[in-house]
2 protein chains.
Amino acid sequence: MERVYNFSPGPAMAPLEVLETAQREMLNYHGTGMSIMEMSHRSKPYEAMHNKAIADLRQVMRIPDNFKILMMQGGGTLQFACVPLNLLGDKKKANYLVTGAWSEKSVSEASRFCTVNLVASGKDTKYTTVPDPSTWNVDPEGAYFYYAANETMHGVEFELTDEMLAKIGDQPIVVDTCSNFLSRPIHWNKIVAMFAGAPKNASSGISFVIVREDVLGHALKITPTQCDWTICAANNSMYNTPPCFSIYMCGLYFEWMIKSGGIDVLHEISKRKAAIIYDAVNASNGFYNCAVNPKFRSNMNVPFFIKDGDKNLEKSFLEEAEKAGLYTLSGHRFVGGIRVSLYNGVPIEGAVKLAEFMMEFCKNNSN
Amino acid sequence: MERVYNFSPGPAMAPLEVLETAQREMLNYHGTGMSIMEMSHRSKPYEAMHNKAIADLRQVMRIPDNFKILMMQGGGTLQFACVPLNLLGDKKKANYLVTGAWSEKSVSEASRFCTVNLVASGKDTKYTTVPDPSTWNVDPEGAYFYYAANETMHGVEFELTDEMLAKIGDQPIVVDTCSNFLSRPIHWNKIVAMFAGAPKNASSGISFVIVREDVLGHALKITPTQCDWTICAANNSMYNTPPCFSIYMCGLYFEWMIKSGGIDVLHEISKRKAAIIYDAVNASNGFYNCAVNPKFRSNMNVPFFIKDGDKNLEKSFLEEAEKAGLYTLSGHRFVGGIRVSLYNGVPIEGAVKLAEFMMEFCKNNSN
């Protein structure tokens, strides 16, 4: 079988040349006579690769010098704990905006360590929109304001507007970018920290934390060493053996991003791919339905139902899609329906082919 | 350049056929049209691979059914925190035996969460031996007894003797096997839990915790979800996105172990390789010196000095070794000297070639 188009919500499709490089270098990395995964992380070739990955990420995401780039493990889930452990300091409360399943999880994790002030929740709209900032309740006693830039399950993505920023006031802002990191520029002047666990646009088994250095140094005493951003920063993400191969894969990925024209070009491509799928949904006259408020529709994850959630049609859709070489399109098990994930590794041709398939399937099944 | 013999302390040399399989399957895993690292961890091919890796590990290490196999992240360092977080229960103390740098680190991490009772320490012998059990002080109020089966930096490896077990009494035993896991059988009836972060005999970016199921269920409230063994067990190590590619590499590794004859055969090979190097040290008439008590010399890591730690000779040794295709032989930066690590991936021929080189170097430099 040839390679297929794979719309997995993560881990996700990778650029072919990234995989080909990894394949080529598997037995002998840059003439060292070893695989990168066989090397001591204190060896010169490993350290050079590690540092280049960090430098390339800084370049491609235009990360200011006063932000530290940390490579950690444990995914977003570990960071849900790391955020309060590192940022509460002597405060006892934090502000959380909930716009989907993942920010909901971050609230229950933070509740182990502090009192969570719920700024607002999209739950009563089934997470189809971002609550209007006029309804937000931000506690000025909170240590920080937390939100998720993209909700993978529910397909809600947004940036902070001026109205939102006014509501947040002088609370330091922390953002979960697990599922849209590397797909769009980040406004570093608005935030103090972001994290992306096992980023969908790169490689599983690694998390990135990018944090303004002046907020470091205040981890709670009960913080496990491996969760302490300050220790990680002081050790250049090598306090202990790092996830070497995942870092290597990310490094190849960053090189590919730079070669592809950088983050602005990738963002444009990302918007185009999403538009191709949303257009197919819109053109179907209600055969496909996306419930998400058009203002907050994600470029990364496009969830929709067929008619009102017809299970038989969903089953045929998934089966016929696979026959056409279009894979991993079922919705999250908690949400159902269809979900199309369009991370950087999915080429435009993949989105075009899927849209064509969607139109054809609609025509054949709309009676 | 051809592939070299690589005596790295970890990440470490892998069996060639493991790397070749990974290389061959990189673009298309088992005819799925995707790399294993591009696949949703909820997909059937991924889950099948994940479960087979666990089953193969259970088989090759003869793990009883009442032990859960957990695949986690964060290395041994995260487990240094997970052990007290999961096992303290309502006790406030734990017993730690210190036989080298890594058990020393585990003590300082545990001290964040409880009072550590130091059973005994090899520090005053510069960690060249295991303190005699007659000197051990085990507090019966402790929640558990903790030790490290192999100290990578100092080259001390041991199994619990009957005299040691008598001293430990009914304290549940937890063992750090980071650097000798998969190199020898484990006596499951003696312990309640073991962990191996980023095992040297397999792949970095993954930790194994193998824990008797009856001790689960008592994590402290401040335990981050990602550190909670019970949650990890209940979710078959897929609470969130696991380190998919590292698990895949471990799976290939376990298949190779089974094909190689299993753990008893590998243990014999491991002992032979170590004997080849220790014999070369002993035959050198004091040109090479290993300070570790012969009763507790590690099969995994053989540290030695040239004469009394002659820096110029060390430098020549390392340079000439590389010319002979023998790599990553310098001692740990905290210890100095030479260190030969001999994990499963290093073939016997590698040990033989290194021993020959050592004799030759001794002959040329002993005057």
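Reminder, nothing fancy here: chain letters follow the sequence lines and each chain counts from 1.
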*Asks:* A:L19 and B:M37: side chain to side chain contact (heavy atoms under 4.5 Å, CB included), yes or no, with the steps?
*Replies:* CA-CA 10 Å; A:L19 294 174; B:M37 74 174 85; 4.2 Å; yes
*Asks:* If I compare all heavy atoms of A:R112 with all of B:T225, which pair ends up nearest, and what's the gap?
*Replies:*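 Here A:R112 and B:T225 meet closest at NH2-OG1, 3.2 Å.
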*Asks:* Just so I know, are the side chains of A:I222 and B:F113 near enough to count as touching, which here means a heavy-atom distance under 4.5 Å?
*Replies:*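 SC-SC contact between A:I222 and B:F113 confirmed.
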*Asks:* Strictly by modelled atom types, are B:Q226 and A:T77 linked by a side-chain donor-acceptor pair under 3.5 Å?
*Replies:* no
*Asks:* Does a side-chain heavy-atom distance below 4.5 Å link A:N28 with B:E2?
*Replies:*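 Contact flag for A:N28/B:E2 side chains = no.
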*Asks:* With side chains defined as the heavy atoms from C-beta onward, is the minimum distance between B:M39 and A:S8 less than 4.5 Å?
*Replies:* no
*Asks:* By a 4.5 Å heavy-atom criterion (distance strictly below it), what part of B:E25 contacts chain A: side chain, backbone, both, or neither?
*Replies:* neither
*Asks:* As an exercise, state the distance from CG of A:N240 to CZ of B:F80, rounded to the nearest 0.5 Å.
*Replies:*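 Here the interatomic distance stands at 8.5 Å.
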*Asks:* Would a 4.5 Å heavy-atom cut-off, applied to side chains only, mark A:T241 and B:P11 as touching?
*Replies:*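 The answer is yes, as the side chains (C-beta and beyond) meet within the 4.5 Å cut-off.
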*Asks:* Is it true that the NZ or CZ of B:K105 lies under 6.0 Å from the centre of A:Y239's six-membered ring and within 45 degrees of the ring axis?
*Replies:*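 Yes, a cation-pi geometry.
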*Asks:* Under a 4.5 Å heavy-atom cut-off, does chain B meet the side chain of A:I231, its backbone, both or neither?
*Replies:*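 For A:I231, the side chain is the part near chain B, not the backbone.
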*Asks:* Checking heavy atoms, do the side chain of A:R333, its backbone, both or neither come under 4.5 Å from chain B?
*Replies:* side chain
*Asks:* Heavy atoms only, distances under 4.5 angstrom: which of A:Q23, A:K221, A:M249, A:R42 has the most pairs with chain B? Name it, please.
*Replies:* A:Q23
*Asks:* Which atoms form the tightest heavy-atom contact between A:P224 and B:L78, and what is the distance?
*Replies:*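 Residues A:P224 and B:L78, closest heavy atoms: CB-CD1, 4.3 Å.
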*Asks:* Could you tell me which of A:G345, A:A14, A:S108, A:P9 has the largest number of non-hydrogen atom pairs under 4.5 Å with chain B?
*Replies:*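 Ranked by contacts with chain B, first place is A:A14.
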*Asks:* Can you tell me how far CG of B:L329 sits from OG of A:S40, rounded to the nearest 0.5 angstrom?
*Replies:*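 So the gap between those two atoms works out to 11.5 Å.
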*Asks:* Under the side chain to side chain contact (heavy atoms under 4.5 Å, CB included) rule, what do A:Y5 and B:M34 come out as? Steps first, then yes or no, please.
*Replies:* CA-CA 9 Å; A:Y5 291 119; B:M34 308 173 200; over 6 Å; no
*Asks:* Could you tell me which portion of B:S111 (side chain, backbone, both or neither) has an atom closer than 4.5 angstrom to a non-hydrogen atom of chain A?
*Replies:* backbone
*Asks:* Any side-chain heavy-atom pair from A:R3 and B:E38 closer than 4.5 angstrom?
*Replies:* yes
